[in-house]
Amino acid sequence: MGDGSDQDVQLEARLVEQDSFEPPEEFVEQANVSDPGIYEEFEENWPDAWEQAADLLDWESEWDDVLVEEDAPFYEWFVGGELNAAYNCVDRHVENGRKNQAAIRWEGELGEERIYTYQDLYREVNEFAAALRDLGVEEDDVVTMHMPMIPELPIAMLACARIGAPHSVVFAGFSADALATRMNSADSEYLVTCDGYYRRGDALNHIEKANEGLAGVEHEVEDVVVVDRLGDEQPYELSDNQHDYDELVAAQDGERVEPVPRDAEDMLFLMYTSGTTGEPKGAKHTTGGYLSYVAWTAQSVLDIKPEDTYWCSADIGWITGHSYIVYGPLALGTTTMMYEGTPDYPDKDRLWEIIERNAVDIFYTAPTAIRAFMKWGEEYPASRDLSSLRLLGTVGEPINPRAWKWYYKHIGDESCPVVDTWWQTETGGMMVTTLPGINEMKPGSAGPALPGIDAKVIHPDKEEVDPGQAGHLTVQKPWPGMLRTVYGNDERFVSEYWEEYSDPDNDEWIYFPEDGAKIDEDDFITVLGRIDDVLNVSGHRLGTMEIESAVVGVEGVAEAAVVGGDHEVKGEAVYVYAITEGDTDGDGELRERVVEGVEDAIGPIARPEEIVFTPELPKTRSGKIMRRLLEEVANGEELGDTSTLRNPGIVDDIQQKVQSD
Ligand code: WT7
């Protein structure tokens, strides 16, 4: 992943050679978790040890059972307990005398700042909850949000949580089609969106896309709430069932809504993610297990303390933002930062300037971002005072040792631990990572499984691999933050995640996340990446099937195969190989329409890096496309065995086309 080719990246020989790092003493002394006995504690007292996660929350009524395994793999956690997520993220901090602490510090791309204290958040969440109720939103109605990084997004999420309406946030960069698919799948009759937002200084129209998406919703949409982010910059008209967010909230001035007690197992939200087939899956997360899990991991891994200013630079439209911008940090009562825009606007020091000005204590980002920072040069972070930082984290994809060390040195000044956290939309929270106050760090390896997490790297025969060997990562015991099902599709839940390795007859259930991994003699796990047809582009998960169906939907394309090719900054990039229809030869115009087709179906994040038109695709005699060969072509690698192909000659032709581009 771009490793080794970064000649312009300066690292001293000392750092290049060092392959493990002790956590800085100063950090350990103040760490939330520093007793190595915690691993044993969880092992000996499993699953009851998980009560320490639940105990971070205030419950309306205590649970009867920590874990119910009767319907495995449909596990249930903290059964019988009742709580409200908004109460835990907002009210209780107000009640505990911390109403004037900043809950959210938001920064717009153009430099505006908005600070919401816990009291401000309390007021606005209540008012918007009251407004949603007045619109007719009832407990268990799914409310969709198609919104960028503006404060009204977490406010709307918490307002929903308050009244027991699950939310389904659709990343703002996703297309109209993607929005419609998700609203249809969730039978969602309500949408909260906005007029637009800023990207690289330009006002981006969002409401047009949202309206287009709404046109594709198959059931009746009751109400749409529109946040006016751009003011006069971009006039728009609201239709009959569309309401202005500010007007709704103003009309509820001072209104209070009792937080609805929710069953621990009641759905808190849905988050759609890509899988092997074309249909995105709605991961269902619950109120008790999820919130306990993200609060506990935010405390023990991110070391968050209430007095911190904490910044996760992800987008709330992904699970990282749900768990570690909104729910985890706010449950702990800290100050969570939000930034609307891009990291290089107006200049490449924007993030470092934000850290300096706000004295950020903890920073959590993605390897793809770090690779971009490396490329831009160390002079940008060097020009800012980053001494407020105490801990650094990464998530989303494997981080190569060089990038890890660059981050450690140029952002952390060799005095902050770096946590490389492996997890997924489905796991709800972090699963494999070092505990920064306990473990040494090995760049490139995420670390051991967290206490209470039974991760094993196994062979297809289910035996554990020897240290150094590659196998499949599995999780062999349930955990509180796990998805409970694929929304509306229990069968798919079982077949996607459990079928591969479980033995239902013996009631043995093994979760398979579809990642390859290695493990070393210290039980440190190195995640190698997806083994299914899912790409990881800039830390975003994209299904190759989804992209293929978009490409095939373009007039003039007969057949297509999509694979990932290595990319220096993005990690992986989208490579499209397409057979044209009839006598179309794949001219520039068709190329443009393929790009458009992909952007319309998914969004600009899925934009192809390379489009190759070819008369044939390499196929086995049984007609299966050999994706492996297409990947090798994309990466300029030497080609593997082509003898099983019925058309071996085509690979050379394709290779020549890619090389001549
Ligand atoms: C996939 C999950 C977890 C929130 C962001 C992505 C890859 C994630 C790491 C890591 C190596 C990682 C895996 C995983 N991944 N973190 N630290 N090291 N790989 O969530 O979109 O559900 O994607 O991201 O392949 O399966 P997601």
Side-chain angles (χ1 to χ4, degrees), residues 1 169 171 173-174 270-276 280-283 285 290 293-294 297-298 301-302 312-328 364-371 392-401 403-404 407 418-434 441-450 453 455 457 470 472-475 481-483 486 496-497 511-519 524-543 546 564 570-572 602 605-606:
M1 259 174 220
V169 179
F171 174 58
F174 272 137
L270 273 178
M271 173 103 254
Y272 281 87
T273 188
S274 295
T276 306
K281 306 175 272 196
H285 284 291
Y290 170 83
Y293 196 69
V294 297
T297 45
V301 180
L302 295 172
C312 164
S313 73
D315 192 293
I316 293 176
W318 307 101
I319 191 74
T320 307
H322 277 51
S323 301
Y324 300 112
I325 297 176
V326 182
Y327 285 112
Y364 189 34
T365 193
T368 182
I370 297 170
R371 290 192 297 266
L392 300 173
T394 76
V395 58
E397 47 175 325
I399 179 164
N400 52 300
W404 191 101
Y407 192 38
V418 175
V419 286
D420 169 2
T421 61
W422 175 87
W423 57 291
Q424 311 178 293
T425 303
E426 293 88 341
T427 68
M430 301 159 176
M431 300 288 282
V432 176
T433 168
T434 51
M441 299 164 273
K442 303 184 190 183
S445 171
L450 279 173
I453 300 299
V457 181
H472 287 172
L473 182 58
T474 58
V475 187
M482 67 199 299
L483 81 163
V486 171
E496 293 252 356
Y497 303 106
Y511 174 83
F512 181 40
E514 310 247 12
D515 272 316
K518 291 191 301 191
I519 191 158
F524 270 53
I525 293 170
T526 297
V527 179
L528 301 169
R530 306 285 305 191
I531 57 109
D532 57 359
D533 295 323
V534 166
L535 306 184
N536 192 328
V537 179
S538 302
H540 301 319
R541 187 160 147 187
L542 301 171
E546 279 171 76
K570 297 178 186 170
E572 272 186 302
I602 301 164
I605 45 166

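Order of listing sets the numbers, starting from 1, for every ligand and every atom in it.
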Sorted by chain and number, sequence neighbours left out, ring pair (Phe, Tyr, Trp, His ring centres under 6.0 Å) with F524 holds for none

Can you list every protein residue that has a heavy atom under 4.0 Å from any atom of ligand 1, sorted by chain and residue number?
I319, T320, V395, G396, E397, P398, D420, T421, W422, W423, Q424, T425, D515, V527, R530, N536, R541

Check ring pair (Phe, Tyr, Trp, His ring centres under 6.0 Å) between Y407 and all other residues, then give those that pass, not counting sequence neighbours.
none

Assess whether a salt bridge exists between E397 and R371, defined as any Lys/Arg side-chain N lying under 4.0 Å from an Asp/Glu carboxylate O.
yes

Regarding K281 and E514, does a basic nitrogen lie under 4.0 Å from an acidic carboxylate oxygen?
no

Applying ring pair (Phe, Tyr, Trp, His ring centres under 6.0 Å), can you list everything that pairs with Y272, at least two apart in sequence or on another chain?
none

Can you confirm if the aromatic rings of Y293 and W423 lie within a centre distance of less than 6.0 Å?
no

